[in-house]
Amino acid sequence: MESTLKIHNSLSREKEVFKPINEGHVGMYVCGPTVYSDVHLGNCRSFTSFDVIFRYLKYLGYKVRYVRNITDVGHLEGDNADISAEDKISKKARLEKLEPMEIVQHYTNGFHAMMRIFNNQPPSIEPRATGHIIEQIEMVRSILKSGYAYEANGSVYFDTIKFAKENEVYGKLSGRVIDDLMAESRDDLKNQDEKRHPSDFAIWIKADPKHIMRWPSEWSEGFPGWHLECSAMSTKYLGRTFDIHGGGSDLKFPHHENEIAQNYGACGCAPANYWMHGNMLLMNGRKMAKSDGNTITPQQLFTGDSPHISKGYSPMVVRFFMLQSHYRSTLDLTDEALQAAEKGYRRLMEGNKLLQSMPHPGNTQAGPLDEELQQLMQQVKAEMDDDFNTPKALAVLFELVTKINSLKAGHLPIQEVSESTFQQLKKTLSDYIYEVLGLKDEMEAAGNGDGPVDGLMDLLIDIRQQARANKDFDTSDKIRDALKELGIVLKDSKEGTTWTKG
RNA sequence: GGUUGGGUGGCCGAGUGGCUAGGCAGAGGUCUGCAAAACCUCGUACGGCGGUUCGAAUCCGCUCCCAACCUCCA
């Protein structure tokens, strides 16, 4: 497979030509959610970005194994979390008087439901940390064996200083300066006296007596540290070194940096060739934060039940809104921007619908327009090949929509468009909109539905046409206005009248 | 304080050393019974100050501001 795909690699901070380890196959690991609360809208953006990446890789013909984990143990509360902190799931379970696995199940279900609402495809494998305790213990053993970890009071810590001294890789991804790291004195340890150095992190944590989640091991009854699950599960399902590792940019440090250290520590090799990081979602130019009220849940966004927005926006409008920015840029969520996205989304979908309903007249001869269309279609792919540039790809799709509308209106000569280009255009547009970008048509289409509505609409349109023919504009406008009240918009054209919802 | 990434027209958002991004909003026009939709035309935008260059929003330096992560303080 000749690949022209370029991916921005966070490790090199440059766009690199994508070369998979196994020709035609891609192994991709994306850090999934810690299921201790409802999905955050920012997470939805991140997973949507990787969904499009997953979709496009498949569109290119790759056989993709997409692994996205569920973290259901090990992620600790608080900053610089360690032995003194509490596991997020465990804490929630204690507060709500539920089994930890009830918490996990509840929020996993919610997460899945939300992914479906955003039309994100499920990953190929979705492993859970608690389902891979054995693999994680195995990995702790390997790291201990290679000398990059030490045991203290039943917990096991990764020795970052030793690792950093002996390997060039620590800090490379996040740009940490190792000298600064080492310069931190032992006085910084405070009550983390089990650690030899502040930057060391736990890979196995001895459970204190009141901790609910615990598994036996040779070091203690305890649980694995956060970061370890991803190292263990990516290795298990994708191999020691695989193609793409993704996640939100907030995971670069410490999570991904430590993951890399663990994998090197366990097998002496890099986990992934390409690291990809999505950027954050802002609202009104500031970060979303519950503390100052600058936050909105996906549900509120859909219903409009929030002081930050004037109305509800459908999931596909939100998805389209996200796709209009590049995954590596921050995206500012504002009411105005969402309104613009809603109109843009509809314009795109209407354009495609119109195209799909247009017949080719036959007897045409390819002219300049034919070539122009061919060029635009190639450009869509070129934009996606350039580090999944969805905003540029969309811009080109909009140029095609303008052409389509002009063809329909007779402003552009359809005689210049060959049958094969026309069919190709139909396929390209719908492939990109539905398969690659993962948009869905939320508007009920006219004409191809079932049930009595279509018949009723035909009748109303017919009555209105007659009224117009009789210059009875009171009646015709009454029909149009009343339908508009019901959310149905009539569109008149030379060929007749069509209708759309919304 | 450190690391990383940003500051683009009314809003969102691409991009690039000289050639139209795109969407939305706005102005004018075409079409229409009137609208809507659609099409055509229109905006001398690139945080600030210097520098390099024939030419910079795009490269360099300084400065201000924003965000994420980390650190410090509490």
Side-chain angles (χ1 to χ4, degrees), chain A residues 8 10 13 42 79-80 171-181 183-184 187-188 190 198-199 247-257 277-289 294 317 320-348 350-351 353-354 379-380 383 386-387 389-412 464 467-477 480-481 483-484 488-495 497-500:
Chain A
H8 178 91
S10 304
R13 292 165 227 279
D79 299 330
N80 197 21
K172 204 176 152 203
L173 179 68
S174 58
R176 298 293 122 150
V177 181
I178 297 304
D179 289 344
D180 293 356
L181 198 73
E184 291 175 50
D187 301 339
D188 297 332
K190 307 211 165 151
S199 65
S249 63
D250 52 339
L251 294 175
K252 264 189 193 173
F253 190 90
H255 187 60
H256 289 336
E257 202 68 78
H277 291 94
N279 218 132
M280 303 291 103
L281 184 64
L282 308 178
M283 185 158 73
N284 300 320
R286 293 182 298 138
K287 72 167 173 177
M288 288 202 194
N294 195 235
V317 166
F320 176 87
F321 168 71
M322 290 171 173
L323 297 177
Q324 266 193 311
S325 80
H326 187 86
Y327 75 91
R328 281 192 289 115
S329 301
T330 51
L331 172 60
D332 193 6
L333 185 100
T334 63
D335 191 51
E336 241 182 324
L338 285 166
Q339 283 189 25
E342 183 168 60
K343 298 215 171 146
Y345 163 72
R346 287 190 179 163
R347 180 174 156 85
L348 179 66
E350 284 296 317
K353 205 163 74 182
L354 181 64
Q379 206 189 328
V380 182
E383 301 299 359
D386 185 16
D387 195 28
N389 198 327
T390 54
K392 278 202 103 180
L394 276 171
V396 181
L397 291 177
F398 273 113
E399 286 186 45
L400 284 171
V401 166
T402 301
K403 301 278 182 222
I404 291 160
N405 285 328
S406 296
L407 279 172
K408 177 70 179 179
H411 297 317
L412 285 175
R464 176 162 167 274
R468 290 176 74 197
N470 296 334
K471 300 218 186 299
D472 177 8
F473 298 122
D474 284 345
T475 303
S476 68
D477 287 353
R480 185 174 68 194
D481 295 344
L483 286 173
K484 197 174 178 192
I488 292 170
V489 180
L490 295 183
K491 289 186 187 173
D492 295 329
S493 75
K494 290 193 183 73
E495 290 86 17
T497 302
T498 57
W499 60 280
T500 51

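Chain identifiers are assigned alphabetically (A, B, ...) following the order of the sequence lines, protein sequences preceding nucleic acid strands; residue numbering begins at 1 within each chain.
- The nearest whole Å value for the distance from the NZ atom in A:K343 to the C1' atom in B:C12 is 14 Å.
- A donor atom on one side chain and an acceptor atom on the other are found under 3.5 Å apart for A:D492 and A:T497.
- A:H326 has its NE2 atom 15 Å from the C1' atom of B:U16, to the nearest Å.
- Between A:F398 atom CZ and B:G13 atom P there is a gap of 16 Å when expressed in whole angstrom units.
- Of all nucleotides listed (B:U4, B:C39, B:A67), B:A67 comes nearest to the side chain of A:L282.
- Judged by atom type and distance alone, A:N279 does not reach the base of B:A67 through any side-chain donor-acceptor pair under 3.5 Å.
- For A:D332 against B:G13, a side-chain-to-base donor-acceptor contact under 3.5 Å is absent.
- Taking only side-chain atoms of A:R464, from C-beta outward, the nucleotide of B:G13, B:C70, B:C34 with the closest atom is B:C34.
- You can call A:F473 stacked on the base of B:G33; the centres are under 5.5 Å apart and the planes sit within 30°.
- Between A:E350 and A:K353, at least one side-chain nitrogen of the basic residue sits less than 4.0 Å from a carboxylate oxygen of the acidic one, meeting the salt-bridge criterion.
- Interatomic distance, CD of A:E336 versus CG of A:L338, reported as 10.5 Å (0.5 Å rounding).
- Proximity of a side-chain donor or acceptor of A:D332 to a complementary backbone N or O of A:N284 within less than 3.5 Å is detected.
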Pairs under 3.5 Å (N/O, protein and nucleotides 45-47 of chain B):
none

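- Two residues, A:R13 and A:T334, neighbour RNA chain B, and the one matched to the more 5' nucleotide by heavy-atom proximity is A:R13.
- If you take atom P in B:U71 and the same atom in B:C64, they sit 25 Å apart, rounded to whole Å.
- When each of A:A409 and A:S174 is assigned the nucleotide of RNA chain B with its nearest heavy atom, A:S174 is the one assigned upstream, toward the 5' end.
- Listed nucleotides: B:G22, B:G15, B:G13. Nearest to the side chain of A:P391: B:G13.
- The side chain of A:K491 approaches B:A36 more closely than any other nucleotide in the set B:A36, B:G33, B:C69.
- The distance from atom CZ of A:R328 to atom C1' of B:A14 is 12 Å, rounded to the nearest whole Å.
- Relative to the side chain of A:S325, the nucleotides B:C12, B:A14, B:G33 differ in distance, and B:A14 lies closest.
- Looking at heavy-atom distances under 4.0 Å, A:A340 makes contact with a base.
- When the side-chain nitrogen and oxygen atoms of A:N389 are compared with OP1 and OP2 of B:A14, none of them lie within a distance under 4.0 Å.
- When distances run from any side-chain atom of A:R480 to the nucleotides B:C11, B:C24, B:A35, the shortest one goes to B:A35.
- Proximity of a side-chain donor or acceptor of A:D386 to a complementary backbone N or O of A:N389 within less than 3.5 Å is not detected.
- Nucleic acid contact class of A:R468 (heavy atoms, under 4.0 Å, all strands): base.
- The residue A:K471 sits apart from the nucleic acid: no heavy atom pair falls under 4.0 Å.
- Between A:T330 and B:C66 there is no side-chain polar atom (N or O) within less than 4.0 angstrom of OP1 or OP2.
- Phosphate proximity of B:C39 to A:T402: present, with a side-chain N or O under 4.0 Å from OP1 or OP2.
- Using a distance-only test at 3.5 Å, with no hydrogens or angles considered, a donor-acceptor pair links the side chain of A:E257 to the main chain of A:S174.
- Residue A:K392 places its side chain closer to B:G15 than to any other of B:G22, B:C39, B:G15.
- Note on A:L331: only backbone sugar-phosphate atoms sit closer than 4.0 angstrom, heavy atoms only; bases stay farther off.
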